[in-house]
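Report on the following structure.
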Amino acid sequence: VALVGYTNAGKSTLLNTLTSAGVMAEDVLFATLDPTTRKVKLPGLKTHPEVMLTDTVGFIQNLPTHLIASFRATLEEVETADVLVHVIDASNPIWRKQVNAVEGVL
């Protein structure tokens, strides 16, 4: 399962909440520069109760060239994931624009 979304949407916070991963979750652009994967046990599932949950590098419009390699790792995670969870910060006034930017790349 890959957590995808615009940069600073809350992907790392969600990963930390579900897995106690302890990854940096700051209110700054690109707090995550490498995908982080942790195992999480899903309650109530008897078959395959554990899944791998991956925090990805956030999407952004006009990606700076020095971050292209980091973002390439996100695209690799997206390609291999069985499920994508699009994390959206609905409190952001331009969340719809951010959703469109992410979906445009996906």
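- A 4.5 Å side-chain heavy-atom check between Leu84 and Val78 finds at least one atom pair inside the cut-off.
- Using a 4.5 Å heavy-atom cutoff, the side chains of Thr19 and Leu53 are in contact.
- Linking Ile, Leu, Val, Met, Phe, Trp and Tyr residues whenever their side-chain heavy atoms come within less than 4.5 Å leaves Ile94 and Ile88 in two separate clusters.
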- Kindly determine whether Ser12 and Asp55 satisfy side chain to side chain donor-acceptor pair (under 3.5 Å), including the steps that lead there. CA-CA 6 Å; Ser12 297; Asp55 179 20; 2.5 Å; yes
- With side chain to side chain contact (heavy atoms under 4.5 Å, CB included) as the test, would you mind laying out the steps for Leu15 and Thr36 before giving the verdict? CA-CA 9 Å; Leu15 180 76; Thr36 301; 4.1 Å; yes
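- With rounding to the nearest 0.5 Å, the separation of CD in Glu50 from NZ in Lys39 is 4.5 Å.
- Expressed to the nearest 0.5 Å, how far OG1 of Thr56 lies from CD of Glu76 amounts to 12.5 Å.
- In this structure, Lys11 NZ and His86 NE2 are separated by 8.5 Å, a value rounded to the nearest 0.5 Å.
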When the side chains of residues 95-105 are checked against the rest of the protein, which donor-acceptor pairs come out under 3.5 Å, sequence neighbours left out?
residue	atom	partner	partner atom	Å
Asn100	ND2	Arg96	O	3.3

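- Placement of Val87 and Met52 in two distinct hydrophobic clusters is found when ILVMFWY residues are connected by side-chain heavy-atom separations under 4.5 Å, directly or transitively.
- Counting heavy atoms from C-beta outward, Val1 and Thr54 have side chains that stay 4.5 Å or more apart.
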